[in-house]
Novice: 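Below is a structure I'd like to ask you about.
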Amino acid sequence: MKIATWNVNSIKARLPNVLDWLKTAEPDVVLMQEIKTVDEGFPRLEIEDLGYQCAVHGQKSYNGVAILSRRGLEDVSARLAGDDADEQARYLEATVEGVRVATIYLPNGNPADSEKYPYKLGWMKRLKARAAELLAEERPVVLGGDYNVIPTDDDVHDPVAWQGDALIRPETRAAFREILYLGYTDAFRAKVPTPHRYSFWDYQGGAWQKDHGIRIDHLLLSPQAADRLQDAGIDSKPRGKEKASDHTPVWCTLADPE
DNA sequence: ATGACTCGCAACGCGAGA
């Protein structure tokens, strides 16, 4: 089963690129972020034509997440518990052939001296609680998404330039490690030890051409999923296309159960 | 170099992104 995560930065602006990529990459499951539309605006028919079912948790203009699957889609559940006042559409879970998957659009948190940073850290605490609950179920789990976390200095072109940023601050990294240390595996890092492989390149300053990127899109696997991990990678081709998202897909493959 | 890009919106510049 091939599972990918992709922050598309507007599904409407990205639809031709997304359809092309679905046809060529042939993922079984896509964990999508920043669709930037309400549920009714999601191009469901075009994607269903390629054999996918869609679960959508949208929001007007900002955020919004979706799960695409061509191998079934059951028990869909939106929102992250722990803050009933949180109206931002950033979390959606579903089950595909016994694998519990979540699409995650973790808050950016900048500026780090604003109220946005405590919101990010609070959101990470809520995610940790949910991640722990899922671990207790002792089943394959894949938590994929735009974490807005640069885990280590191997995951950024210029760590000094990012100093103090909400994506790299020690508190951010510690909160991310807390989730990993529950027992989750970073699928890409487990398969690709090479440093300086990125999933995001800013639109500005020729960052893509100069490979000035950051690795912030991650697939975290429970032990039962990690036991089935066959391969993982970053598909940088979509980032080089016309009208590209600033993020590119990160994927992993899980062996089918016995 | 007071820059640099892209998105949605009911806009005709702005906030947000990272």
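In the text below, chain A, chain B and the rest are named by the order of the sequence lines, each starting its count at 1. Please read these numbers as outputs of a predicted model, since none were measured by experiment.
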Novice: If each of A:I216 and A:K60 is mapped to the nucleotide of DNA chain B with the nearest heavy atom, which maps nearer the 5' terminus, i.e. the 5' end?
Specialist: A:K60
Novice: Please tell me if the side chains of A:K36 and A:K60 come closer than 4.5 Å, counting only heavy atoms from C-beta onward.
Specialist: no
Novice: Is it the case that B:dA18 (base atoms only) and A:N148 (side chain only) share a donor and an acceptor within less than 3.5 Å, ignoring hydrogens and angles?
Specialist: no
Novice: On a whole-Å scale, what distance lies between the P atoms belonging to B:dA1 and B:dC14?
Specialist: 24 Å
Novice: Give A:N63 one of three labels, base, sugar-phosphate or nothing, depending on what nucleic acid heavy atoms sit under 4.0 Å from its own.
Specialist: nothing
Novice: Considering only atom C1', compute the distance from B:dT2 to B:dG8 and round it to an integer number of Å.
Specialist: 26 Å
Novice: A:S61 side chain: which of B:dG17, B:dG8, B:dT6 is closest?
Specialist: B:dG8
Novice: Please report the distance, rounded to the nearest Å, between CG in A:L15 and P in B:dC7.
Specialist: 13 Å
Novice: Using whole Å, report how far CZ of A:R215 lies from C1' of B:dA18.
Specialist: 16 Å
Novice: On DNA chain B, nearest-nucleotide positions of A:D246 versus A:I11: which is more 5'?
Specialist: A:I11
Novice: Could you check whether A:R173 pairs with A:D155 (Lys NZ or Arg NE/NH1/NH2 to Asp/Glu carboxylate O, under 4.0 Å)?
Specialist: no
Novice: Considering every strand and a 4.0 Å limit on heavy-atom distances, what is the contact class for A:Y105: base, sugar-phosphate, or nothing?
Specialist: sugar-phosphate
Novice: To the nearest Å, how far apart are A:Q163 CD and B:dA18 P?
Specialist: 21 Å
Novice: If we take the C1' atom in both B:dC12 and B:dA18, what is their distance in whole Å?
Specialist: 27 Å
Novice: Send over the distance from A:L167 CG to B:dA16 P, rounded to a whole Å.
Specialist: 16 Å
Novice: Establish, with yes or no, whether the OP1 or OP2 oxygen of B:dA18 is under 4.0 angstrom from a side-chain nitrogen or oxygen of A:N110.
Specialist: no
Novice: Can you identify which nucleotide, out of B:dA18, B:dC7, B:dC9, has its nearest atom closest to the A:N7 side chain?
Specialist: B:dA18
Novice: Would you indicate, yes or no, if B:dT6 has its OP1 or OP2 atom less than 4.0 angstrom from a side-chain nitrogen or oxygen of A:R14?
Specialist: no
Novice: Please tell me if the side chains of A:D217 and A:N7 come closer than 4.5 Å, counting only heavy atoms from C-beta onward.
Specialist: yes
Novice: Among B:dA16, B:dA18, B:dC7, which is the nearest nucleotide to the side chain of A:Y62?
Specialist: B:dA16
Novice: Is there a donor in the side chain of A:W251 and an acceptor in the side chain of A:D235, or the other way round, less than 3.5 Å apart?
Specialist: no
Novice: Calculate the interatomic distance between A:K36 atom NZ and B:dT6 atom P; express it in whole Å.
Specialist: 12 Å
Novice: Rounded to the Å, how far apart are A:E115 CD and B:dG15 C1'?
Specialist: 13 Å
Novice: Grab the CE-C1' distance between A:M32 and B:dC7 for me, whole Å please.
Specialist: 16 Å
Novice: Has A:R215 got its NZ or CZ under 6.0 Å from the middle of the six-membered ring of A:Y198, at an angle within 45 degrees of the ring axis?
Specialist: no
Novice: When the P atoms of B:dG15 and B:dA10 are compared, how many Å lie between them, rounded to an integer?
Specialist: 15 Å
Novice: Could you work out which one of B:dG17, B:dT6, B:dA10 sits closest to the side chain of A:K116?
Specialist: B:dG17
Novice: Figure out the CD/P separation between A:E34 and B:dC5, and round it to whole Å.
Specialist: 19 Å
Novice: Would you call A:Y91 and A:E93 a side-chain contact if the rule is heavy atoms closer than 4.5 Å?
Specialist: yes
Novice: Compare the minimum distances between each of B:dG17, B:dC9, B:dC7 and the side chain of A:Q204, then state the nucleotide with the smallest one.
Specialist: B:dG17
Novice: Roughly how far apart, to the nearest Å, are B:dG17 and B:dA4 at atom C1'?
Specialist: 16 Å
Novice: Looking only at side-chain N and O atoms, does A:H247 come under 4.0 Å of OP1 or OP2 in B:dG17?
Specialist: no
